Amino acid sequence: MTVHIGAKPGDIAETVLLPGDPLRAEWAAQTFLQDAVCVNRVRGMLAYTGTWKGNRVTIHGSGMGMPSLSIYVNELIRDFGAKTLIRIGSCGGMQEKVKVRDVILAMTSSTVGTPSSSIFRELNFAPNADFGLLRAAVAAAEKGNAPFHVGGIYSSDTFYDERKDLNEQMVRHGILGVEMETAELYILAARYGVRALAVLTVSDHLLTGEALPSEDRERSFGDMVEIALEAAFA
Ligand code: HPA
């Protein structure tokens with residue numbers, strides 16, 4: 001047990017999928033895993049460990065935003081031995097070619113600041129995905145039906161963003177989508193020498209204002225979970 005994770009030693013698999021929403025962790029475990037057992041309920045941050053095609057997997061909520069994700073990912077890596085961490089989450093589309101329901105594989109993530117910024121000080125560290133995981137995710141996405149994009153995303157600290165000018169610069173520089181967790185995940189993976197990737201579903205769009213109706217979300221999110229699982233065990 002750690003401060004924020006009530007699991008016992010050995011309860012957490014080396015491969016961990018990280019949805020922001022704990023209820024989506026429950027849904028993904030019930031939908032994709034065999035013999036899923038709940039291994040964390042502290043603060044309602046549900047986690048389940050089971051198997052997928054015979055491989056052990058934990059699906060653990062990360063909460064919203066980099067400070068929350070940072071707590072869980074630090075403990076999952078340092079105290080429970082997680083070696084492959086894949087965020088499965090939603091993002092806002094930032095390019096015309098990126099449509100609601102599309103999947104984004106985040107090669108890099110730009111950010112204004114993360115919980116790790118204080119250690120980098122003046123350095124603009126470039127958080128990036130694990131290349132092997134990214135390559136495997138591309139192969140898995142090519143076999144599926146969901147349109148997908150590979151490129152840079154933006155990890156923001158604010159959902160209700162007042163910096164319209166900053167979003168314009170992101171759009172201008174080809175950033176595919178905005179969410180609130182990936183940059184810190186990639187930085188922690190680099191620090192501890194483990195593998196990380198973010199597989200995202202576009203749930204809303206900053207340019208068009210379109211948003212995915214809630215009944216459509218499950219099917220679209222299912223594509224993303226399958227890509228993440230295929231990539232983890234490729
Ligand atoms: N902004 C930030 N995070 C998000 C968004 C957004 O528009 N959509 C989904 N996660």
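This structure is a prediction, so every number in the text was calculated from the model and none was measured. Note that ligands are numbered from 1 as they come in the structure, with each ligand's atoms numbered from 1 the same way.
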Under 4.0 Å from a heavy atom of Ser90: give me the atoms of ligand 1 that qualify, with their elements.
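The atoms of ligand 1 under 4.0 Å from a heavy atom of Ser90 are 9 (C), 10 (N).
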Backbone N/O of Leu76 and side chain of Asp79: donor-acceptor pair under 3.5 Å
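Side chain of Asp79 to backbone of Leu76, a donor-acceptor pair under 3.5 Å: no, none is there.
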If we set the cut-off at 4.0 Å for heavy atoms, which region of Ser156 has an atom near ligand 1: side chain, backbone, both, or neither?
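Ser156 to ligand 1: no contact under 4.0 Å from either part.
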Rounded distance [0.5 Å steps], CE in Met64 versus CD in Glu181:
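Going from CE on Met64 over to CD on Glu181, the span is 8.5 Å.
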What is the nearest protein non-hydrogen atom to atom 7 (O) of ligand 1, stated with its residue, atom name and distance?
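For atom 7 (O) of ligand 1, the nearest protein heavy atom comes out as Asp204 OD1, 3.1 Å.
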Considering non-hydrogen atoms of the protein only, which is the closest contact for atom 3 (N) of ligand 1, and what is the distance?
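I find the closest protein heavy atom is Glu179 CA, 3.5 Å.
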Pair Arg191, Ser116: side-chain N/O donor-acceptor within cut-off below 3.5 Å
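Arg191 vs Ser116: donor-acceptor pair found between side chains.
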Approximate separation, where rounding is to 0.5 Å, of Arg24 CZ and Leu17 CG:
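Those atoms lie 12.0 Å apart.
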So does Pro147 get a backbone contact from the side chain of Arg101, meaning a donor-acceptor N/O pair under 3.5 Å?
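Checked: no pair found.
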Check Cys91 against ligand 1 and report side chain, backbone, both or neither, counting heavy atoms closer than 4.0 Å.
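Backbone only.
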Sub-4.0 Å atoms of ligand 1 with respect to non-hydrogen atoms of Gly92
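So the answer, numbered in order with elements, is 5 (C), 7 (O), 8 (N), 9 (C).
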Could you list the atoms of ligand 1 found under 4.0 angstrom from a heavy atom of Met180?
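Every atom of ligand 1 under 4.0 Å from some heavy atom of Met180: 2 (C), 3 (N).
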Going by the closest heavy atom to atom 1 (N) of ligand 1, which one wins out of Val178, Leu212, Thr201?
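It is Val178 that holds the nearest heavy atom.
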Would you compute the distance between atom CZ of Phe80 and atom OG1 of Thr58 and round it to the nearest 0.5 angstrom?
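So the gap between those two atoms works out to 9.5 Å.
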Any side-chain to backbone donor/acceptor pair from Asp102 onto Val98? Under 3.5 Å, distance only.
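No, Asp102 side chain to Val98 backbone: no donor-acceptor pair under 3.5 Å.
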Check Leu206 against ligand 1 and report side chain, backbone, both or neither, counting heavy atoms closer than 4.0 Å.
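For Leu206, only side-chain atoms sit under 4.0 Å from ligand 1.
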